[in-house]
Amino acid sequence: MSEDIRQTIVKRAALELLTLNDTTGYYVNLGIWHPTMIADCVPPGVDVVLQSENGMLGVGPYPLEGQEDPDLINAGKETVSELPITSFFDSAASFGMIRGGHVALSFLGAMQVAENGDLAN
């Protein structure tokens with residue numbers, strides 16, 4: 001898949017954040033692969049707190065080159081940045097937040113969805 005197509009998909013997915021009734025205060029989960037890129041594409045005026053499945057609430061955008069912290073990674077093992085509101089917890093608590101309905105929206109990567117559309121284990 002070309003980088004242009006990948007960026008188009010990610011930007012279109014990020015527009016789904018505009019469908020939230022009130023664009024402030026929602027927790028939004030980013031799955032692996034394409035969804036992780038949404039952190040850099042949140043539409044202006046949408047104030048959401050991004051969650052990574054590996055236990056990070058308050059995921060910031062990808063860091064600038066040379067400013068990466070190898071201890072700050074998303075579920076896809078890519079370096080990310082943290083925000084002043086960031087909190088850390090184990091992945092069991094993270095998935096509990098998702099399965100318990102405590103996130104408004106969850107973007108799943110293709111590897112996380114079974115052929116019939118159900119969540120893959």
Side-chain angles (χ1 to χ4, degrees):
M1 178 180 301
S2 77
E3 189 60 28
D4 288 339
I5 292 172
R6 189 175 182 194
Q7 283 294 324
T8 299
I9 291 169
V10 169
K11 288 177 182 177
R12 173 58 188 91
L15 289 177
E16 290 299 315
L17 296 171
L18 295 171
T19 65
L20 300 172
N21 291 334
D22 174 5
T23 57
T24 60
Y26 286 101
Y27 299 125
V28 175
N29 168 262
L30 301 179
I32 56 173
W33 202 37
H34 285 99
T36 60
M37 297 169 64
I38 291 172
D40 285 343
C41 299
V42 175
V46 176
D47 182 25
V48 294
V49 178
L50 302 175
Q51 180 220 27
S52 179
E53 295 162 350
N54 61 325
M56 185 175 181
L57 184 63
V59 174
Y62 288 107
L64 298 174
E65 189 172 332
Q67 296 181 355
E68 301 95 343
D69 179 342
D71 291 327
L72 294 177
I73 59 170
N74 62 23
K77 296 184 177 47
E78 302 167 308
T79 56
V80 293
S81 62
E82 63 182 327
L83 305 172
I85 62 162
T86 300
S87 60
F88 300 94
F89 36 87
D90 64 30
S91 61
S94 183
F95 280 100
M97 290 171 63
I98 298 165
R99 292 184 177 136
H102 303 288
V103 297
L105 199 57
S106 186
F107 290 97
L108 300 178
M111 301 292 288
Q112 297 173 288
V113 181
E115 287 183 33
N116 66 357
D118 289 344
L119 291 178
N121 288 331

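Residues take their numbers from the sequence shown, with the count starting at 1. Every value quoted in this text rests on a predicted model; they were computed, and no experiment measured them.
Contact annotation: the side chain of Val48 never approaches that of Tyr27 to less than 4.5 Å [non-hydrogen atoms, C-beta and beyond]. Inter-residue side-chain proximity for Tyr62 and Asn74 is flagged as met; some heavy-atom pair is nearer than 4.5 Å. Considering only heavy atoms from C-beta on, Ile9 stays 4.5 Å or farther from Arg12 through its side chain. Considering only heavy atoms from C-beta on, His34 stays 4.5 Å or farther from Phe107 through its side chain. Taking the side chain as every heavy atom from C-beta outward, Phe95 and Glu53 approach each other to under 4.5 Å. Using a 4.5 Å cut-off on side-chain heavy atoms (C-beta onward), Tyr26 and Leu50 make no contact. The closest side-chain heavy-atom distance from Ile73 to Val80 is not below 4.5 Å. Put simply, the side chain of Lys11 does not reach to within 4.5 Å of the side chain of Met37, judged on heavy atoms.
Side-chain N or O atoms of Gln67 include none that pairs as donor or acceptor with a backbone N or O of Glu65 at under 3.5 Å. In this structure, the side chain of Thr79 does not engage the main chain of Leu72 through any donor-acceptor pair within 3.5 Å.
The two atoms that bring Gly76 and Ile32 nearest to each other are N-CG2, 3.5 Å, heavy atoms only. Contact detail for Ala39 and Gly60: the closest heavy-atom pair is CB-O, 3.8 Å. Taking every heavy atom of both residues into account, Ala14 and Ile38 meet most closely at CB-CG2, 4.1 Å. Here the closest non-hydrogen pair linking Ser52 and Ala75 is OG-N, 2.9 Å. Closest approach of Leu17 and Pro43 over heavy atoms only: CD1-CD, 3.9 Å. Val10 and Cys41 get closest at one heavy-atom pair: CG1-SG, 3.9 Å.
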Verdict with reasoning, Asn54 to Phe88, per side-chain contact (heavy atoms from CB on, under 4.5 Å): CA-CA 9 Å; Asn54 61 325; Phe88 300 94; over 6 Å; no
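Asn29 and Ser106 share a donor-acceptor pair across their side chains, judged by distance under 3.5 Å alone. With hydrogens and angles left out, the side-chain atoms of Ser94 and Gln51 include a donor and acceptor closer than 3.5 Å.
At a threshold of 4.5 Å between side-chain heavy atoms, the hydrophobic network of Ile, Leu, Val, Met, Phe, Trp and Tyr places Met97 and Ile85 in one connected group.
Rounded to the nearest 0.5 angstrom, Leu30 CG and Met56 CE are separated by 11.0 Å. Distance check, rounded to the nearest 0.5 Å: CG of Leu105 to OG1 of Thr19 gives 6.0 Å.
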